[in-house]
*Asks:* 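Take a look at this one; I'll ask things after.
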Protein chains: 2
Amino acid sequence: MDEETYTISELCAEFEVTPRTLRFYESKELISPQRIGQRRLYSRKDRARLKLILRGKRFGFALEEIRQLLELYHMGDQQLTQLERTYALAQQHLSEMEEKRRELDQAIDDLKVQMRWCEDKVATLKKGSAA
Amino acid sequence: MDEETYTISELCAEFEVTPRTLRFYESKELISPQRIGQRRLYSRKDRARLKLILRGKRFGFALEEIRQLLELYHMGDQQLTQLERTYALAQQHLSEMEEKRRELDQAIDDLKVQMRWCEDKVATLKKGSAA
DNA sequence: CGTTACGCTTACGTTAACGTCAATCTCAGG
DNA sequence: CCTGAGATTGACGTTAACGTAAGCGTAACG
């Protein structure tokens, strides 16, 4: 077993967040690093969770939603019923995300249309000034 | 010219937001409806802008960023230099959005992997209980 | 002509997600 | 032993994005 660990400042440097942010996430039970004495020690799993948290944030998820999403990636030794409930939740999130992707594609297309329009206008203006 | 307009409550009903929200967006200069006396009257263009605003929000953009994005869809009678600057800004946003889509695809794939893992576990548990 | 519905402004309140600051601890180096 | 770098825990401050409540205008309806 690979026992790589990180101090708070190492993790902060890597992901460009402040210590305050990590402690805040911990207070919200999104991460729970080990303690060596009083100090926090982050594992590979903590690091992975942080990655997921920050990704979630970039898509506009609230921390509370992210906390639920993280449970999907936890999935330790659950009971069957628990597991099935979790799976159902995952399906929901999946379709939400797929819907989001459709919207994003739409937004990208719209923007491209606008840009082409803009290109044309620039071209016309340049021709006009050449005359 | 099609002169369809909307009252504040009509627009609110359609997009499931409160009047306060629309007034707030107006105060931040994201929309600027006509006034009939004191009352606001929203045009088709205002409605389109609102649509874009809400879409932006769903992707985690801040209102201030959205305000800039909206300028791209405005593009009235700009000067050439202005137009080119706007175009450059659009290119930036475009690549940001494409980056976001890559991340989203990644997130979706990750989730699918987890779900398959979950399916397997459920299957094994069911077989175990059948024995 | 009263009231009910809708709208307006002003202004203070609220929640999420941290920032910032102070006081304390702790441990390796000189 | 002293110092300084990094860590910790409160605790209050801040910003964005609205919510909410008060007080007022006005216009149609019974």
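Naming: A, B, ... by sequence-line order, numbering from 1 per chain.
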*Asks:* Which nucleotide wins on minimum distance to the side chain of A:R39, given the candidates C:dG19, D:dG6, C:dC8?
*Replies:*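 The answer is D:dG6.
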*Asks:* Please indicate whether B:R116 has more than 12 foreign heavy atoms, meaning atoms of other residues, nucleotides or ligands, lying under 6.0 Å from its CZ.
*Replies:*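 Not more than 12 within 6.0 Å, no.
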*Asks:* Write down the distance between CG (A:L54) and P (C:dA17), rounded to a whole number of angstrom.
*Replies:*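 My rounded result for the distance is 13 Å.
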*Asks:* Would you mind telling me which residue lines up with the more 5' stretch of DNA chain D, A:R20 or A:Q38, judged by nearest nucleotide?
*Replies:*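 It is A:Q38, whose closest nucleotide lies nearer the 5' terminus.
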*Asks:* Any side-chain N or O of B:K57 below 4.0 angstrom from OP1/OP2 of D:dC18?
*Replies:*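 It does, given that an N or O in the side chain of B:K57 lies less than 4.0 Å from OP1 or OP2 of D:dC18.
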*Asks:* OP1, OP2 of C:dC8 versus side-chain N and O of B:R40: anything below 4.0 Å?
*Replies:* yes
*Asks:* Counting only N and O atoms by type, is there a donor-acceptor contact under 3.5 Å from the side chain of B:K100 to the main-chain atoms of B:F59?
*Replies:* yes
*Asks:* Between C:dT26, C:dT9, C:dC18, which nucleotide gets closest to the side-chain atoms of A:Y25?
*Replies:*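 Closest nucleotide among those given: C:dC18.
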*Asks:* If you assign B:E64 and A:T7 each to the DNA chain D nucleotide with the nearest heavy atom, which residue ends up on the more 5' nucleotide?
*Replies:*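 Counting from the 5' end, the first nearest nucleotide belongs to A:T7.
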*Asks:* Can you check whether B:T18 has a side-chain N or O nearer than 4.0 Å to OP1 or OP2 of D:dC18?
*Replies:*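 False: B:T18 side-chain N/O out of range (4.0 Å or more) of D:dC18 OP1/OP2.
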*Asks:* Is it true that the side chains of B:Q106 and B:D110 contain a donor and an acceptor less than 3.5 Å apart?
*Replies:* yes
*Asks:* Take B:Q114 and A:Y73 through the side chain to side chain donor-acceptor pair (under 3.5 Å) test and state the conclusion after the steps.
*Replies:* CA-CA 7 Å; B:Q114 286 301 312; A:Y73 291 85; over 6 Å; no
*Asks:* Among D:dA7, D:dA17, D:dG19, which nucleotide has an atom closest to any side-chain atom of B:T21?
*Replies:*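 From the listed options, D:dG19 comes nearest.
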*Asks:* Would you kindly give the CD1-to-P distance between B:I66 and D:dA17, to the nearest whole Å?
*Replies:* 8 Å
*Asks:* For the pair made of CD1 in B:I36 and C1' in D:dA27, what is the distance, rounded to whole Å?
*Replies:* 15 Å
*Asks:* Taking the nucleotide of DNA chain C with the closest heavy atom to each, which residue, B:Y42 or A:A62, is nearer the 5' end?
*Replies:*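 The residue closer to the strand's 5' end, by nearest nucleotide, is B:Y42.
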